[in-house]
Amino acid sequence: MRFDVLTLFPDIFASYTGQSLLKLAIQAGLVQINLWNIRDWTADKHHRVDDRPYGGGPGMVMMAQPVIDAVDAVQMKAETPGRLVMMTPTGRRLTQRVVEELATEPRLLLLCGRYEGFDDRIRQILQPTELSVGDFVCNGGEVPAMVVIDTVIRLIPGVLGDEQSAADDSHNETGRLEFPQYTRPRNFRGLDVPEVLLGGNHQAIAKWRDEQSRQRSHEETK
């Protein structure tokens, strides 16, 4: 799966793409991540990408020209233009169902904003999928874009060492949370591993995990 990230700060992704599962997925050829600096498409020698908002107000707004030119150019970098995703706090909430939807795409372009956001003509002209990772505001779209990548790659076959790991995750069923997990030692600070997990009775373990999952999910909705 190919990700193209359009941002003013591509260096933010350097450490992220070189760690853990994502690094291994890139090395295995399962995931491709390309970083693009929107400033490379500015029309003036100062590489200006923002300006004051019409109507007044604090901060600066990302200009339409460099963003749209960047998206148009990056879409031409592969045979398929891909699905454009704009990271914005006003967008559709990212849920596991949305992640599953995105994971079916062969290519995603992740557009990261900064400052007070995008000139709205960017949205009107490009008609992207707008996504929010929660009811809060980040300094930019880079961290939300990492969240999208992190959640989507888990569903790409071969990325996880054990495909059951994704199947057992919280939220794979709407409103359902994962059961508690334990490892060694059997006793830590007076707390024991539940006895059912030690007996090797897989049917009993499956029943206990299902009960614990349902209990957690019910408590979360209270």
Side-chain angles (χ1 to χ4, degrees), residues 1-13 16-17 31-153 155-156:
M1 185 172 184
R2 173 170 174 152
F3 296 88
D4 290 273
V5 183
L6 295 92
T7 170
L8 297 179
F9 302 98
D11 290 347
I12 289 177
F13 291 83
Y16 170 64
T17 57
V31 174
Q32 180 182 357
I33 295 185
N34 301 286
L35 303 174
W36 307 96
N37 192 331
I38 296 170
R39 292 185 189 279
D40 292 340
W41 282 272
T42 54
D44 68 272
K45 63 180 181 180
H46 300 294
H47 300 290
R48 189 171 184 176
V49 295
D50 61 317
D51 209 334
R52 295 171 181 168
Y54 279 117
M60 305 290 276
V61 175
M62 290 186 67
M63 301 163 68
Q65 176 271 314
V67 173
I68 291 176
D69 284 357
V71 171
D72 287 345
V74 171
Q75 285 181 324
M76 297 293 291
K77 300 291 184 179
E79 292 184 5
T80 174
R83 181 171 178 176
L84 177 62
V85 176
M86 177 189 285
M87 309 310 304
T88 168
T90 62
R92 179 184 179 191
R93 177 72 68 86
L94 182 68
T95 66
Q96 191 64 22
R97 302 290 82 78
V98 176
V99 170
E100 292 167 359
E101 177 187 319
L102 295 176
T104 65
E105 301 282 347
R107 184 187 186 198
L108 293 176
L109 282 74
L110 304 179
L111 180 56
C112 304
R114 279 274 162 170
Y115 315 124
E116 294 301 314
F118 297 99
D119 184 311
D120 197 63
R121 289 168 292 189
I122 296 170
R123 179 187 61 82
Q124 295 176 45
I125 293 172
L126 296 178
Q127 298 186 347
T129 297
E130 298 181 62
L131 281 186
S132 167
V133 295
D135 293 337
F136 48 83
V137 179
C138 296
N139 288 325
E142 288 78 18
V143 170
M146 292 180 193
V147 172
V148 171
I149 295 170
D150 230 44
T151 54
V152 169
I153 65 168
L155 302 184
I156 298 174

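Position 1 is the first residue of the sequence, and the numbers go up from there. Only this structure's heavy atoms are used, side chains among them; waters, hydrogens and symmetry mates stay out.
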* List the steps and the verdict of side-chain contact (heavy atoms from CB on, under 4.5 Å) for Leu102 and Val99. => CA-CA 5 Å; Leu102 295 176; Val99 170; 5.6 Å; no

* Test side chain to side chain donor-acceptor pair (under 3.5 Å) on Thr129 and Arg83 and set out the steps. => CA-CA 8 Å; Thr129 297; Arg83 181 171 178 176; 3.1 Å; yes

Do the side chain of [X] and the main chain of [Y] share a donor and acceptor less than 3.5 angstrom apart?
X: Glu142; Y: Pro10; answer: no
X: Tyr115; Y: Asp50; answer: no
X: Arg107; Y: Gln75; answer: yes

[X] [atom1] to [Y] [atom2] distance, which is reported to the nearest 0.5 Å:
X: Leu108; Y: Asp4; atom1: CG; atom2: CG; answer: 9.0 Å
X: Phe3; Y: Met146; atom1: CZ; atom2: CE; answer: 13.0 Å
X: Asp150; Y: Tyr16; atom1: CG; atom2: OH; answer: 3.5 Å
X: Gln32; Y: Thr17; atom1: CD; atom2: OG1; answer: 12.5 Å
X: Leu6; Y: Ile38; atom1: CG; atom2: CD1; answer: 5.5 Å
X: Ile125; Y: Asp72; atom1: CD1; atom2: CG; answer: 9.0 Å

* Asked: Can you tell me if CG on Asn139 sees more than 12 non-hydrogen neighbours from other groups inside 6.0 Å?
  -> no

* To do: Take atom CD of Gln127 as the centre, draw a 6.0 Å sphere, and report whether it contains more than 12 heavy atoms from other residues, nucleotides or ligands.
  => no

Hey, are the side chains of [X] and [Y] touching, using non-hydrogen atoms and a 4.5 Å cut-off?
X: Arg123; Y: Thr88; value: no
X: Glu101; Y: Arg97; value: no
X: Met86; Y: Leu126; value: no
X: Leu35; Y: Ile33; value: yes
X: Met1; Y: Val152; value: yes
X: Thr42; Y: Arg48; value: no
X: Asp44; Y: Gln65; value: no
X: Val49; Y: Met63; value: no

* Asked: Between Thr7 and Ile12, does a side-chain contact (heavy atoms from CB on, under 4.5 Å) hold up when you go through it step by step?
  -> CA-CA 9 Å; Thr7 170; Ile12 289 177; 5.8 Å; no

* Under the side-chain contact (heavy atoms from CB on, under 4.5 Å) rule, what do Tyr54 and Val61 come out as? Steps first, then yes or no, please. => CA-CA 9 Å; Tyr54 279 117; Val61 175; over 6 Å; no

Minimal non-hydrogen separation, [X] against [Y], with atom names:
X: Ala145; Y: Phe13; value: CB-CZ, 4.3 Å
X: Ala64; Y: Asp119; value: N-CB, 4.0 Å
X: Pro53; Y: Gly59; value: CD-O, 3.3 Å

* side chain to side chain contact (heavy atoms under 4.5 Å, CB included), paired with Pro144, selected from Ile149, Leu94, Val133 -> Val133

* Audit row: Trp41, Val74, side-chain contact (heavy atoms from CB on, under 4.5 Å) steps and yes/no -> CA-CA 11 Å; Trp41 282 272; Val74 171; 4.1 Å; yes

